[in-house]
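Taking it in order: structure first as C-alpha cells, then the write-up.
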Amino acid sequence: MSADTIARLHIVLDDIEPAIWRRIDVPVTASLKMLHDIVQAAMGWENCHLWHFEAGDRRYGIPDPMWPESGMAAARNVKLATLIDRGVRELVYTYDMGDDWRHTITVETVGAGEPDVKYPRFIEGERRCPPEDVGGLPGFEMFLDAMADPNHEEHDHLHEWYGGPYNADDIDERFTRRAIAAIAIRRHAGKLAYQKSRAQ
C-alpha cells in the first residue's frame with residue numbers, strides 16, 4: 001500500500017445509547033501508536049491512562065518490561081496496513097483499564113487519499129465522550145442523571161468537579177478538528193524531514 005492510501009475508520013464507544021461515535025480518515029501507514037493518538041484526539045480523551053488494541057487474538061500497546069509474558073506487542077511497531085493486509089476489519093481499543101472504555105473501530109473503506117490533503121482527517125461524529133475518571137459506564141449514567149437534574153443530590157458536587165455544565169450532544173467539533181489536524185501537521189513535517197534526509 002502506498003503512502004497515500006487512506007482507511008476510513010468508524011470509532012464507536014461500546015455499550016452507550018445513543019451512540020458516541022467518530023468517523024476519521026487515517027493513512028494506512030500510521031502505526032497503532034499513532035492510531036491511539038488519533039482516537040484520543042477524536043473522542044476527546046486526555047491521554048492520561050493505560051490503553052491497548054486487540055485484533056483477533058493479539059494485543060498491541062506499550063509492553064511492560066517487568067511483565068514480558070503479557071503477550072503485549074509494541075503498538076509503535078505495527079502499522080494499520082499490516083492488520084488490513086491480514087484481513088483485519090475491526091479492532092477493539094480499550095482506554096483506562098479502571099473505567100474500561102471499550103471502543104469498536106471498524107475499517108469502512110480503504111482507498112486512495114486526496115492530493116494536497118494532510119491526513120489524518122476528521123469527517124464527522126456525534127455526542128461528547130464521558131469525562132475522564134467518571135467511574136466507567138455506571139458512573140457516567142449517574143453523572144448524566146445528576147448533571148441534568150439540578151435537584152439531584154450529586155448535581156452541585158459533579159457540576160463543580162466537571163468545571164461547568166456538560167452538553168452530551170456537543171462534541172466540540174472545532175476542538176476535535178484542530179486536535180486531529182495537529183497530528184496531521186506533525187506527520188506531514190516528519191515525512192518532509194524524512195524525504196529531505198533521504199535526498200542528502
Side-chain angles (χ1 to χ4, degrees), residues 8-26 30 32-54 59-62 64 66-67 70 72 75-76 90-106 108 120-187:
R8 178 157 291 184
L9 304 181
H10 183 256
I11 306 163
V12 64
L13 191 52
D14 293 358
D15 303 318
I16 294 179
E17 288 294 336
I20 298 171
W21 62 273
R22 308 287 184 264
R23 187 167 276 118
I24 310 286
D25 283 347
V26 175
L32 292 186
K33 168 61 175 74
M34 180 184 277
L35 184 55
H36 154 74
D37 293 338
I38 292 166
V39 174
Q40 288 284 314
M43 298 302 289
W45 297 118
E46 295 173 18
N47 199 12
C48 52
H49 294 286
L50 292 173
W51 54 274
H52 67 258
F53 290 96
E54 294 164 69
R59 294 189 321 139
Y60 307 91
I62 301 173
D64 184 345
M66 301 296 288
W67 195 35
S70 70
M72 182 82 73
R76 64 185 169 84
E90 190 172 283
L91 297 128
V92 174
Y93 170 78
T94 303
Y95 173 61
D96 184 352
M97 306 323 167
D99 281 1
D100 199 35
W101 297 114
R102 292 169 63 84
H103 309 65
T104 299
I105 302 175
T106 305
E108 292 187 324
R121 176 175 63 171
F122 174 80
I123 303 298
E124 59 184 342
E126 287 186 355
R127 304 192 76 236
R128 183 178 290 264
C129 82
E132 295 276 358
D133 303 316
V134 77
L137 288 169
F140 184 47
E141 286 175 14
M142 191 274 281
F143 173 82
L144 289 175
D145 290 345
M147 292 295 271
D149 179 5
N151 296 319
H152 192 288
E153 62 182 342
E154 291 289 326
H155 176 83
D156 292 346
H157 164 70
L158 287 172
H159 194 275
E160 186 178 333
W161 172 79
Y162 183 67
Y166 176 89
N167 182 349
D169 294 322
D170 175 21
I171 71 167
D172 196 350
E173 189 170 317
R174 188 162 160 262
F175 177 84
T176 305
R177 284 189 185 280
R178 280 172 47 194
I180 297 286
I183 297 171
I185 289 165
R186 275 202 316 270
R187 177 179 173 267

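Just the heavy atoms: all of them, side chains too, but no hydrogens, waters or symmetry mates, feed the values below.
The backbone N or O of Glu46 sits less than 3.5 Å from a side-chain atom of Glu132, completing a donor-acceptor pair. Between the side chain of Arg177 and the backbone N or O of Phe122 there is at least one donor-acceptor pair closer than 3.5 Å. Counting only distance, with no hydrogens or angles, the side chain of Arg22 and the backbone of Ile11 share no donor-acceptor pair below 3.5 Å. Remark: the backbone N or O of Asn47 is paired with a side-chain donor or acceptor of Gln40 at under 3.5 angstrom. Distance alone, capped at 3.5 Å, is enough to place a donor-acceptor pair between the His155 side chain and the Ala146 backbone.
Taking OH of Tyr60 as the reference point, atom CZ of Arg76 lies at 15.0 Å (rounded to 0.5 Å). One finds the CD atom of Glu154 at 12.0 Å from the CG atom of Asp149 (value rounded to the nearest 0.5 Å). Annotation: the span from His103 atom NE2 to His10 atom NE2 amounts to 12.0 Å, rounded to 0.5 Å. Atom CZ of Arg102 is separated from atom CG of Asp14 by 6.5 Å, given to the nearest 0.5 angstrom. Between the NE2 atom in His152 and the CG atom in Leu144 there is a gap of 10.5 Å [rounded to 0.5 Å]. In this structure, the separation between CE on Met147 and CG on Asn167 is 10.5 Å, given to the nearest 0.5 Å.
Between His36 and Tyr93, the two ring planes are tilted [angle within 30° to 60°]. The aromatic rings of Phe140 and Phe143 lie parallel to each other, their planes meeting at an angle below 30°, with 60° marking the opposite boundary.
Of all non-hydrogen atoms in Ile38 and Val26, the two that sit nearest each other are CD1-CG1, 3.9 Å. Residues Ala41 and Ala179 share a closest heavy-atom pair of CB-CB, 3.7 Å. Nearest approach of Asp172 to Asp170, heavy atoms of both residues: N-OD1, 2.9 Å. Pairing each heavy atom of Cys48 with each of Tyr95, the nearest pair is N-OH, 3.0 Å. Across all their heavy atoms, Ala42 and Thr176 have their closest contact at O-CG2, 3.5 Å.
Between Leu13 and Pro130, some side-chain heavy-atom pair lies under the 4.5 Å cut-off. Using a 4.5 Å heavy-atom cutoff, the side chains of Tyr166 and His159 are not in contact. In this structure the side chain of Trp21 never reaches within 4.5 angstrom of the side chain of Thr104, judged on heavy atoms. At a threshold of 4.5 Å between non-hydrogen side-chain atoms, the residues Leu9 and Leu35 count as touching. Under the 4.5 Å side-chain criterion, counting only non-hydrogen atoms from C-beta, Trp101 is not in contact with Cys129. Inter-residue side-chain proximity for Leu158 and Met142 is flagged as met; some heavy-atom pair is nearer than 4.5 Å. Taking the side chain as every heavy atom from C-beta outward, Met97 and His49 never approach each other to under 4.5 Å.
Residue Tyr162 places its OH atom among more than 12 non-hydrogen atoms of other residues, nucleotides or ligands, all under 6.0 Å distant.
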Checklist entry - Going through the checks in order, is the side chain to side chain contact (heavy atoms under 4.5 Å, CB included) test met by Asp96 and Asp133? => result CA-CA 9 Å; Asp96 184 352; Asp133 303 316; 4.0 Å; yes
Next on the checklist: side chain to side chain contact (heavy atoms under 4.5 Å, CB included) for Met72 and Asp64? Distances and angles first, verdict last.
Outcome noted: CA-CA 8 Å; Met72 182 82 73; Asp64 184 345; over 6 Å; no
Checklist entry - Are Arg127 and Asp169 close enough, and set up right, to give a salt bridge (Lys or Arg N to Asp or Glu O under 4.0 Å), and what steps lead you there? => result CA-CA 4 Å; Arg127 304 192 76 236; Asp169 294 322; 3.8 Å; yes
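The aromatic ring centres of Trp45 and Trp51 sit 6.0 Å or more apart.
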